[in-house]
Amino acid sequence: MKNSASTSRSGDDSEVSIKKRKVDHMVEGSIVKVVLKNFMTFSEVVYTPNSKLNLILGPNGSGKSSIVTALILGFGGNPKDINRGDKVSQFVKLGKSVADISIELYKRSNQNMNLRRTIFASNDTCHYYVNSILVSKKKYNDVVESFNIKVHNLCQFLPQDRLEDFSKLDSKGLLVNALQSIENKDLLDNFEKLKTLADSITSHDGDKKRLQDNIRLEVAVNLKLETIVSTFTEKKSLEEQLLVVLQKRCWSLYILAWKQISSEKKQFEESKKHNNAALSLINQHREKIKKKKLGENNLKNVVLQNANIVSKIMDKLNNQVGAAECHVSDINTLKKTVKKSSIKIEDLLESISSMEEKLQSIKNETLNVEECKLELAKINDNIQTIDSNIFPVRSNLESVKNKLRGLTEKMYAIDQELEREKRKEDGKNQLLQRKFPEMWKAIKWLRNCDKTTIFNGQVFEPLFTQIEVYDQKNAKYIENIINYRDMIAFVFEYAEDLTTFNKIVKQERWQKINSISAPPANIKINETPNYDINNLRQFGFHTYALDMIQAPTVIRRYLARNYDMQNIPIGSKEVINNLQSLPSNIGFFFAGNDQVHIKTSNYTGEKITRQSQISNEAQFLLFSVDSNLIKSLNIRKEEARVNCEHFEQQQIEFNNQLRIAEDSRQPFIARKKEIQGSFLKFQNRQKALDKMIKDIEFKKSELKTEKERLIKLSDQNSQLISKYFDSMNGVIDMLDSYSTSLKYLIASTFVVSYCYIDMEEENKVLKQLKQLYATSLNNFNEYLKYIQSLDSEFKKIHDVAVHWSKGLSPYDKTLFQPMKDKFDAIEESDIEDLDVLIVEKKAKLNCLNIDPNAPQLIKEYKERKIKIKNLEKKLETLNLSAETKAYEIDKLYTEWFPKIQELTYLLSVNFQKFLTSFGCKGIIELDIGVTRYDFQAYGLLIKVQFRNDLPSLRLLDAKSQSGGERALTTALFLLSLQEVTHFPFRIVDEINQVRWLLK
């Protein structure tokens with residue numbers, strides 16, 4: 001439970017130092033003048049407050065809150081500070097591009113401070129000026145705060161829309177706002193420091209407890225590990241002794257192996273010498289064989305030379321015999337050619353004879369050409385006469401076909417346009433079925449029923465289905481004028497029909513069905529606009545809403561009566577620029593995509609404009625069907641169909657006339673073709689005659705050529721026979737040379753074969769020597785492998801010894817000496833004795849029960865030792881830091897707490913005085929926390945008693961007091977705060993509840 005502390009004072013008023021602001025003159029930062037231009041509803045206004053209390057009175061909508069809003073924004077505030085949206089551009093007057101807020105502040109120097117904030121409507125930006133110099137927003141805010149003006153402090157600025165926020169402040173919020181409002185900034189700064197230091201002390205206590213717990217935990221764990229550490233230490237000692245014994249054994253083996261390999265290497269060198277001597281003897285015998293081989297090769301070269309000579313003679317002999325055989329082949333070929341030529345000559349003679357007989361028979365055939373030409377001329381005249389009669393008929397027929405083609409295309413275009421209108425109607429029906437299923441049921445019923453027996457007047461389907469917009473782009477305006485319920489309502493000419501329909505709707509249980517009735521016929525509806533549209537074109541208007549649509553008369557009367565559509569002008573964006581010049585009777589219109597409402601203020605007489613953007617997309621009038629267009633298209637289609645039937649009849653008549661003329665022309669054409677065929681055959685025969693004469697001449701020329709060729713072939717045959725006999729004479733001479741060369745070749749071959757036998761004997765001797773050397777070399781290699789195996793074993797023993805010695809060897813005399821001393825300390829020197837000692841050491845090691853995780857545990861034990869030391873150091877440092885901060889808190893608290901008690905006392909005295917003047921009681925107390933450092937709980941408690949029937953003072957909250965009582969308490973708290981603080985000014989906007997309570 002929190003404690004409440006209030007400071008009570010005794011004695012006269014001279015002991016209480018109450019600081020009051022002077023009100024007989026302006027203080028630094030007081031507002032001298034405020035100038036607003038194009039701000040919200042103001043075009044231009046100048047406000048000059050005095051140095052004392054200033055009240056702005058006026059009815060709702062007169063602009064009182066606008067001045068408060070201008071002051072908050074003028075001092076660098078944001079729209080969120082007044083709960084009025086989040087864009088500063090919305091405060092620019094409608095139709096203007098820039099708004100200015102200028103504030104003049106009093107300064108004790110010769111020149112006052114002038115602040116100006118310019119707001120741009122286009123891009124939601126601002127410019128800030130200090131004494132007419134453009135500065136950054138941060139610099140501007142710094143200048144404002146230098147006058148102790150705090151826009152965000154509800155104790156200084158309390159706009160209408162944030163009054164409720166102030167009344168909701170708890171005790172902590174009241175204390176913070178009060179400290180922010182006084183001149184002494186050290187009180188708030190020290191309060192924040194105390195809270196920060198108290199938080200750190202609290203965190204220090206937690207850290208200290210965690211460190212102590214960690215230290216105890218780490219020490220307990222290390223105590224458990226001490227047995228494992230001692231056992232592990234003994235094991236390490238045995239392992240070191242065992243390692244020394246192993247090292248001595250390894251180096252002892254190394255020395256024995258070194259002695260053995262040294263002895264074997266000496267014997268290996270002797271064997272190597274014997275092998276070299278045997279290899280020298282083999283090389284000498286190889287040189288001897290090489291020389292004999294050279295002589296044998298020379299003899300072989302001689303044999304090859306003789307063989308080449310014999311081969312060349314043989315090639316020449318073959319060439320000569322081949323030439324003779326070629327001559328024989330050429331003679332045989334020539335004989336065949338002569339025979340073919342003789343046969344061809346006989347064929348040519350026979351062909352010429354046959355062609356001359358055919359030529360004679362063609363010459364005997366004749367034709368009377370002149371008679372054929374005369375008859376053909378008469379036939380052409382008759383055909384030309386008939387054609388001259390046919391031409392007008394064909395011309396008329398073609399003209400009729402062109403007209404029919406044009407009418408067909410015209411009817412197709414009309415059908416396409418009708419189909420488009422039908423699709424609109426279908427689209428409208430689909431829209432009804434999809435969005436208004438219940439309405440669609442009523443429409444189907446209405447289409448199928450007998451309207452004349454049920455209703456007295458005209459009945460129309462939903463309003464939007466009866467309106468036809470001339471231009472689809474204008475549908476958005478119509479939909480923004482007619483409200484949704486009327487747009488989907490059935491329309492009746494008489495009110496009694498509407499009642500009948502509603503009964504039917506109820507019987508059928510259709511849901512969401514609207515219906516309206518048109519004005520009675522006896523009521524005169526004036527569809528003429530107040531202003532001629534031509535007179536409004538200068539402002540940017542071009543038509544009225546009612547002129548944009550076509551609808552039945554009943555519906556037009558309803559729209560004119562209920563929506564005054566004949567007086568709603570439609571214009572472009574240009575209208576916005578001419579708002580001030582528009583006639584006063586125009587209060588609603590469209591400008592481009594904007595919907596504009598204008599009304600005149602009852603108090604100021606100014607025009608108040610509300611502008612909003614409309615959607616570009618229509619919802620209901622998407623499928624506007626033009627019924628007049630459909631009627632016109634159907635009439636045009638019927639006219640085109642009648643014309644088509646007329647021209648089709650003419651086409652049939654012209655086709656009959658043309659067929660009769662063609663039939664009379666046919667016999668002449670048949671005779672003409674017959675004469676032309678005979679004449680063509682005659683011409684073909686004449687051409688064949690000329691061709692045959694040329695063919696005969698060509699055949700005779702070919703016969704002459706073939707005879708001359710036969711004579712040449714006979715001469716060639718005689719020449720070939722002569723060449724054949726000359727070739728055979730050369731063959732006989734070559735055979736003699738071939739016999740002599742063959743004798744020399746046989747003699748040289750015999751000598752080479754003798755040398756080959758001698759070489760085989762020498763090779764046998766060399767082979768025996770090689771076999772002996774191979775046996776010796778094999779034994780040598782086996783010995784070499786043995787030496788290498790010894791060397792490998794020696795290296796392994798050395799590597800093992802170096803491994804167990806951790807890289808040291810006897811060659812490093814200085815480093816190896818300590819290890820040698822350890823070896824000398826061991827009495828055993830034989831390998832067998834050392835093995836027994838190793839077994840003993842291992843047995844002792846196996847008797848020790850060591851945790852398998854001992855190395856890791858030992859590592860953790862050592863690390864934990866270090867960690868414990870570090871934690872103890874941290875704990876010591878933390879204690880010192882906590883003591884230092886506790887000292888700082890005590891020192892700061894001793895200085896701060898009396899001042900905050902004094903401030904609370906001053907507030908409480910003023911608050912009691914103000915409440916007593918109303919016949920009420922109240923007190924302000926300082927609320928402190930339950931613990932020493934609980935500065936977060938510090939706050940101001942306001943306790944009030946408004947009625948005598950209540951037993952005592954009650955804490956101010958939403959349950960104990962009414963709204964008016966809380967509002968009065970808020971106002972008196974602000975006045976109490978004003979008496980002990982120094983702000984240049986305070987602003988409170990419209991506390992209506994206080995006024996009600998005062999009444």
Side-chain angles (χ1 to χ4, degrees), residues 417-470 478 482-527 546 549-563 565-566 620-639 641:
E417 205 161 349
L418 285 170
E419 184 62 27
R420 279 197 295 273
E421 293 300 317
K422 184 175 180 300
R423 281 199 295 271
K424 288 182 182 179
E425 186 67 32
D426 293 341
K428 190 184 297 182
N429 290 335
Q430 290 173 6
L431 175 66
L432 288 166
Q433 292 178 43
R434 186 177 67 255
K435 295 191 70 174
F436 310 104
E438 292 293 315
M439 187 190 296
W440 179 246
K441 293 177 183 177
I443 291 170
K444 287 198 295 183
W445 176 88
L446 193 62
R447 291 177 181 177
N448 296 327
C449 74
D450 186 3
K451 299 183 186 66
T452 56
T453 59
I454 300 173
F455 305 107
N456 297 322
Q458 290 180 288
V459 181
F460 299 96
E461 293 180 8
L463 181 67
F464 76 89
T465 65
Q466 306 303 311
I467 295 176
E468 299 174 4
V469 184
Y470 294 125
I478 308 303
I482 304 171
N483 67 44
Y484 176 79
R485 290 183 62 81
D486 284 358
M487 189 68 80
I488 62 172
F490 290 82
V491 184
F492 298 87
E493 185 177 7
Y494 301 126
E496 54 268 25
D497 289 341
L498 184 146
T499 305
T500 302
F501 180 72
N502 286 340
K503 290 179 181 179
I504 294 169
V505 169
K506 191 173 182 181
Q507 290 173 4
E508 297 291 338
R509 295 186 178 179
W510 295 325
Q511 303 294 323
K512 300 179 182 179
I513 303 297
N514 296 338
S515 55
I516 56 177
S517 64
N522 57 358
I523 296 177
K524 185 178 180 180
I525 304 297
N526 185 14
E527 295 186 14
L546 196 60
I549 64 172
Q550 177 182 339
T553 305
V554 173
I555 292 176
R556 287 180 68 88
R557 281 168 55 79
Y558 178 82
L559 296 176
R561 170 76 180 281
N562 289 59
Y563 294 98
M565 286 178 63
Q566 71 276 16
F620 296 103
L621 301 179
L622 291 170
F623 310 102
S624 186
V625 180
D626 191 344
S627 58
N628 290 336
L629 177 62
I630 293 173
K631 291 177 183 177
S632 172
L633 290 173
N634 284 325
I635 292 170
R636 287 166 54 196
K637 182 178 178 181
E638 182 61 26
E639 290 174 354
R641 187 188 63 76

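All residue numbers in this chain count up from 1 along the given sequence. Owing to the predicted nature of the structure, the values given are computational and were not obtained by experimental measurement.
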- Query: Glu639: what forms a side-chain hydrogen bond (donor to acceptor under 3.5 Å, both in side chains) with it, not counting sequence neighbours?
  - Reply: none
- Only counting residues at least two apart or in another chain, list the ones meeting ring pair (Phe, Tyr, Trp, His ring centres under 6.0 Å) with Phe490. Phe501
- Query: Considering residues at least two apart in sequence or located in another chain, which fulfil the side-chain contact (heavy atoms from CB on, under 4.5 Å) criterion with Thr500?
  - Reply: Ile454, Phe455, Ile504
- Item | Under the side-chain contact (heavy atoms from CB on, under 4.5 Å) test, residues paired with Asp450 that sit two or more places apart | Thr452, Thr453
- Message: Give me each pair satisfying salt bridge (charged side-chain N to carboxylate O under 4.0 Å, His left out) with a member in residues 434-443, each pair once, sequence neighbours excluded.
- Response: Glu438-Lys441
- Note on the structure: Hits for side-chain contact (heavy atoms from CB on, under 4.5 Å) against Tyr494, two or more places apart or cross-chain, chain-then-number order -> Asn456, Glu496, Asp497
- Task: Mind checking the NZ-CD1 spacing from Lys506 to Ile513? Nearest 0.5 Å is all I need.
- Result: 15.0 Å
- Item | Pair Thr499-Phe492, side-chain contact (heavy atoms from CB on, under 4.5 Å): steps then yes or no | CA-CA 10 Å; Thr499 305; Phe492 298 87; over 6 Å; no
- Not counting sequence neighbours, which residues clear ring pair (Phe, Tyr, Trp, His ring centres under 6.0 Å) with Phe460? List them please. none
- Item | From CD1 (Ile525) to CD (Gln566), nearest 0.5 Å | 8.5 Å
- What distance separates Met487 CE from Ile516 CD1, expressed to the nearest 0.5 Å? 10.0 Å
- Message: Going by side-chain hydrogen bond (donor to acceptor under 3.5 Å, both in side chains), name the residues that satisfy it together with Glu461, two or more places apart in sequence or in a different chain.
- Response: Arg447
- Message: Which label fits Tyr558 and Tyr563: parallel for a plane angle under 30°, tilted from 30 to 60°, or perpendicular past 60°?
- Response: perpendicular
- Residues that Arg561 engages under side-chain hydrogen bond (donor to acceptor under 3.5 Å, both in side chains), provided they are two or more places apart: none
- Query: About how many Å separate CD1 of Ile549 and CD1 of Ile482, when rounded to the nearest 0.5 Å?
  - Reply: 6.0 Å
- Task: For residues Gln458 and Pro552, determine if any side-chain heavy atom of one lies less than 4.5 Å from a side-chain heavy atom of the other.
- Result: no
- Note on the structure: Applying side-chain hydrogen bond (donor to acceptor under 3.5 Å, both in side chains) to Asn526 and not counting sequence neighbours gives Thr528
- Query: Does Thr553 reach the side chain of Arg557, with side-chain heavy atoms less than 4.5 Å apart?
  - Reply: yes
- Item | Residue pairs involving residues 508-517 (criterion side chain to side chain donor-acceptor pair (under 3.5 Å); sequence neighbours excluded) | Arg485-Asn514, Asn502-Ser515
- Message: Going by the rule salt bridge (Lys or Arg N to Asp or Glu O under 4.0 Å), which residues pair with Arg556 if we only count those two or more places apart in sequence or in a different chain?
- Response: Glu527
- Query: How far does CG of Asp486 sit from CG of Leu559, to the nearest 0.5 angstrom?
  - Reply: 8.5 Å
- Message: Please report the interatomic distance CD1(Ile488) to CG(Asn483), rounded to the nearest 0.5 Å.
- Response: 9.5 Å
